[in-house]
Structures are given as C-alpha cells and as structure tokens.
Participant: 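Have a look at this one.
Just so it is clear, the values below take in all heavy atoms, side chains as well, and ignore hydrogens, waters and symmetry mates.
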Amino acid sequence: MEFFEPVLNGFGVVLEPTNLLYCLLGVVIGMLIGVLPGLGPAATIAILLPLTYGIEPVTAIIMLSGIFYGAQYGGTITSVLLRLPGEASSVVTVFDGYALTKQGRAGTALGVAAIGSFVGGTVAIVGLTFLAPLVAGFALDFGPPEYTALALLGILLVATVSNGGRLKSLIAAAVGLLLATVGRDGFTGESRFTLGSLELADGLDFVPIAMGIFGLGEILYNLEERHNKVSAPAKVANVWPSRKDLKQASGAIGRGSVLGFFLGILPGGGATLSSLAAYAMEKKRAKDPSRFGKGAIEGVAGPETANNAAATSSFIPLLTLGIPANATMAIIFGALLIQGVTPGPQLVQNDPELFWGVVNSMYIGNILLLIMSIPLVGVFVRILRVRPAILAPVTVLITLIGVYTINNSIFDIWLVIFFGVIGYLMKKFGFEPGPLVLAFVLGALLEESLRRSLLLFGGDATQFAGRPITAVLLLVFVVVILLPVLQKARKNRAAKTTTIPTKRKESV
C-alpha cells in the first residue's frame, strides 16, 4: 500500500479541473501538430515554452507531455491519407497505410492505428508506473563520476543512433557541447566565448536555441521543401475495424507494445527507431512478407503501437535519471529546469505530486486520444487543406513574440533568428538537430560532474574505472564506439572470403 499511496495521490493531481483541461489541450495540440507535416512535437514544444512560464510546473509538463504523445497519432493521419508522414515516427506507416487508402480502407487503417496507439501507450504507462521508481531508487547511488559516464553515454548513443549520418551527428553533438561552454566558468568565474557581450556572460539560454533550431529552422526548411503543395486527402469511411482486422492486428499490437517500451527507454531510441524496428519485425515474422507495402494491416498496427509505447517510456530516463532520451525529451527537460524542477532520482521522493501527476496524466491523455482520434478525423482532413504559406508566417510571429515575452529582450529574438538559420542549414545539409540540442542540455551536467569527479579523485582519471557503475557505463561507451569498426572489419573479411574462392574457380 505504501507504493500505491503516492500513485493514487497523483490521480488526485491530474483530476483537478485545470490539469484535466491542459491535458486535453496538450493532446489536441499534439494531434493537430502531428497532422501538419513538418512541424513536429519538438518544434511545437519549443515554440510553446514561453507560454508555460505563467502556469504551475505540473500543469505545464502535463500539457507538454500530451503534445508529445498526441503528435504520434496525429502523424498517422497524413501518412495514411496523403502518403506524407506528419512525423518521422510515421514514415513506415506510409507503406501499408496509403496502400490501404488506395483500396478504400483508409478508415480501417486509422482505426487500427488509434487502437494500437492506445494499447501501446497504456502498456508503456503501466511499465513506467512500476519501473520508474525502481530506476530512481537505483540511481540514488549515483555520484558525479556516474553522472559523467551516463551523460557521455547518452550523448554518444543519441549521436550514433539518430537518423542522420554518424559523423554529422557527432559533429552536431560537439557543437552542442561547445555552445554549452559559453558564459562564465562555474568554478573560476572567468568568461568563455562571450566575445565581450554582456548578454552572453550568463551563457546561452536554452529556449532561444530550441525555438530557433526546432521551431524557426523547421518552418524555413518546410517552406522550401513543400512550397504550397497541398494534396486533396482521401475520403474516410468505416473507421471501426472489423473483427477480422482486429484479430490480424492483435499480434502486431502486442509485440509493438513490448518492443516500443524497451526501445523508448534507451538513449537515442525513441518513437522513430521503435516504429522502424516494429515494421521490420512484423515483415520478418510474416508467413507472406510480400503482402507488406501492399496493404498489410500489421504494417500499420506494429509501428503505430511501437511509436506510442516508445514516446511514453522515453519519460523513464528523463524523470528518473535526468537524462533526456531524445530531442523532444531534451526540450521537456529544459521546460522542467525553467520551472525550477530538476529531473532525476530525487524527483520521485522530493516532488511526488509532480512526478505521479505527470505519469498519471498519461492514462487520462491516452483515453482522450482514443476517444477523440476517430471522431475528429474529418476535422483534421479539413486542416490539411490549409496552405503552408498561410500557417508559416503565423507560426513565425508566435515564435518571435513568445521568445521576446520571456525576458523582454531583443537580443533573444536575434538569437532565435540566428539559430533558426543554423537549424535550416542543418536540415538542408543532412545534420540532425537532436544531438546538438541534447549535447547542449547535457553539456552543463557533463562538465560539472567531470570536474567534480576529478576534484574527488585528485586529478586521477583512472579512478573512474574503480567504481562499478561508472566502469560498466564506460565499458558500454567503448563498445558503442568499437561496434561499427568491428562490424566493418567482419564485412570486409566476409567479402574477401567470398572473393578468394571465386578467383580460384576462375583460374581453374
């Protein structure tokens, strides 16, 4: 009963009218954003950060969380109806979702996706409820050396597992770490990379960077990519799937829930990787893989279930370790810091109302998502007809006004524009912005933990290996670095083994 008491109190928090309203608002905004191709949850949360200043921390995080998992389903609608993924995590849904639309079964695809999203999200929330306190309890033993190794591993995993090229992601992460060093040295008080600017003396603020790179950068990139292209979406009918469809999709939904949950926990995992892995798994398990890409219902059910499960479980490392697993979590991490809340192992004990209020809001938000997703399809279809050339200027204006209202600073507006151009160029030349923002967020933790550790060890870095948890984390770090090298060496050896017998045969 001792365990369930704070959990039940968390329901009391989320059932307060204000929190319920913001939960509903977050889910609706998330679905809308998911529907609009290009403007993902990371960009939206970044743009809305200034609005969270005036509301309670738990209410703000409930809303931002709703935007994140609501967007996972919203992205499905354009994937199925327009063959245009609204979200990166919905890319694989295009293959079979659009094929079903061409067969006149768009409603079935959307219905199965909604049910899979609900089941995947619910399984992940239950896992989050029971696993998060255990991880937080384990993490109470963490000191500066463990946080140093964890921050290093988190940055490396996100940089190597993200969608962009590995080298480009590592470069982006290095730039993020460099940006984190701008401002006064926390130990000596000396200025670093401020260029004599008083505005930079306290360091770069997270909000203009996030709003610029994710918000303005995404808008500029999508304007160039899509111009005013707006396709007419297909008609949607018979949204409730038949018993036969549900039976066919049930296995994929079950497997997607488990796979998404575990991949979401990993740094660098998240919704996109989970949906790709779920699609690959379903295709591999299928008796007739040739059905995939031609309207296989499992090709919609598996990825859509997995991406919602992963979106939810990615809160575990954020709330219990203070380590964001992906770019969106990095922005929510920033939102928590802005609200004066430090995510980490102490959060469960020190602020149980916020912790369990946010976790339990996901149960409510998931039910709201299921209730609204199917009836609102018609509304979303109409929204898809709005041209990007109309939406983009409005969004830019909201972004600039929002950042100005934080500090009443023109300098912040220039920062947003500067990082907006950087974000646009990164997208244009194939650099993932996620590693940059994540490395910026973790940069301060990494530097502080590393320097405290070296002070603790008297400058002897070899003592990192003497602490069991740190040693294991550093070992994983080394394995992640060496794995691609070993894989390449094995491929080269296999290629040579294949070539030699061929040459011998030719010579005979």
Side-chain angles (χ1 to χ4, degrees), residues 42 45-46 49 144-160 162 164 168-215 217 267-268 317-318 321-338 340-344 403 406-407 411-412 414-416 418-423 426 431-455 477:
I45 293 172
L49 276 178
E146 285 76 19
Y147 274 111
T148 305
L150 193 62
L152 270 175
L153 183 60
I155 293 169
L156 180 70
L157 281 173
V158 171
T160 51
S162 63
K168 289 180 177 178
S169 296
L170 287 171
I171 291 171
V175 173
L177 286 175
L178 186 65
L179 291 173
T181 62
V182 174
R184 287 195 190 91
D185 186 311
F187 286 74
T188 64
E190 291 182 11
S191 295
R192 302 183 300 192
F193 308 115
T194 58
L195 306 174
S197 167
L198 286 176
E199 284 89 351
L200 292 176
D202 292 330
L204 286 165
D205 195 2
F206 169 77
V207 177
I209 292 180
M211 292 178 78
I213 287 184
F214 283 105
L318 174 73
L321 299 174
I323 301 294
N326 50 55
T328 311
M329 286 296 111
I331 297 174
I332 293 180
F333 180 91
L336 282 163
L337 293 180
I338 288 166
V341 178
T342 306
V403 75
I406 297 172
N407 298 318
F411 183 74
D412 285 351
W414 286 114
L415 276 181
V416 170
F418 173 76
F419 283 108
V421 174
I422 298 288
M426 288 182 76
F431 286 84
E432 274 291 305
L436 186 152
V437 175
L438 191 74
F440 175 77
V441 169
L442 291 180
L445 173 69
L446 176 62
E447 183 185 359
E448 187 182 339
S449 303
L450 178 63
R451 293 172 74 171
R452 285 187 188 281
S453 303
L454 289 174
L455 286 172
F477 182 86

Participant: Could you give me the CA-CA distance, side-chain angles and deciding distance for D205 and L415, then say whether side-chain contact (heavy atoms from CB on, under 4.5 Å) is met?
Facilitator: CA-CA 9 Å; D205 195 2; L415 276 181; 5.7 Å; no

Participant: Can you check whether L446's main-chain N or O pairs, donor with acceptor, with S449's side chain at less than 3.5 Å?
Facilitator: no

Participant: About how many Å separate CZ of F411 and CG of L198, when rounded to the nearest 0.5 Å?
Facilitator: 10.0 Å

Participant: Looking only at heavy atoms, what is the nearest atom pair of A444 and A180, with distance?
Facilitator: N-CB, 4.3 Å

Participant: Atom OH in Y147, atom CD in E448: separation rounded to 0.5 Å?
Facilitator: 11.5 Å

Participant: Side chains of L438 and F333: does their closest heavy-atom pair fall under 4.5 Å?
Facilitator: no

Participant: What do the steps show when you test L170 against L156 for side-chain contact (heavy atoms from CB on, under 4.5 Å), and what is the final call?
Facilitator: CA-CA 8 Å; L170 287 171; L156 180 70; 4.2 Å; yes

Participant: Looking at CD of E146 and CG of L321, how far apart are the two atoms once the value is rounded to the nearest 0.5 Å?
Facilitator: 11.5 Å

Participant: Side chain to side chain contact (heavy atoms under 4.5 Å, CB included) with L179: which residues, sequence neighbours excluded?
Facilitator: V175, L204, F419, L436, F440

Participant: Minimum heavy-atom separation for M329 to P324, with atom names?
Facilitator: C-CB, 3.6 Å

Participant: Tell me, do V416 and V207 make a side-chain contact under 4.5 Å, heavy atoms counted?
Facilitator: no

Participant: Write down the atom of V437, the atom of A330, and the distance for their closest heavy-atom approach.
Facilitator: CG1-CB, 4.3 Å

Participant: Please report the closest heavy-atom contact between S453 and P144, naming both atoms and the distance.
Facilitator: OG-C, 3.2 Å

Participant: Using a distance-only test with no angle check, is there a side-chain donor-acceptor pair under 3.5 angstrom linking E199 and S197?
Facilitator: yes

Participant: Taking the side chain as every heavy atom from C-beta outward, state whether L177 and L442 have any pair of such atoms under 4.5 Å apart.
Facilitator: no

Participant: Of all heavy-atom pairs between P435 and S169, which one has the smallest distance, and what is that distance?
Facilitator: CB-O, 3.6 Å

Participant: Within the structure provided, determine whether F187 and R452 are in side-chain contact (heavy-atom separation under 4.5 Å).
Facilitator: yes

Participant: Under the criterion side-chain contact (heavy atoms from CB on, under 4.5 Å), I'd like the reasoning laid out for F193 against L200: C-alpha separation, chi angles, the key distance, then a yes or no.
Facilitator: CA-CA 8 Å; F193 308 115; L200 292 176; over 6 Å; no

Participant: Can you tell me how far apart CG (L152) and CG (L450) are? Round to the nearest 0.5 Å.
Facilitator: 7.5 Å

Participant: Between L337 and P343, what is the shortest heavy-atom contact and its length?
Facilitator: CD2-CD, 4.0 Å

Participant: How would you list all residue pairs meeting salt bridge (Lys or Arg N to Asp or Glu O under 4.0 Å) that involve residues 434-445, not counting sequence neighbours?
Facilitator: none

Participant: Is there a donor-acceptor pair closer than 3.5 Å between any side-chain N or O of R192 and the backbone N or O of T181?
Facilitator: yes

Participant: Which residues pass the side chain to side chain donor-acceptor pair (under 3.5 Å) test with R451, sequence neighbours left out?
Facilitator: D185, E447

Participant: Yes or no on side-chain contact (heavy atoms from CB on, under 4.5 Å) for T342 and L336, after CA distance, side-chain angles and deciding distance?
Facilitator: CA-CA 7 Å; T342 306; L336 282 163; over 6 Å; no

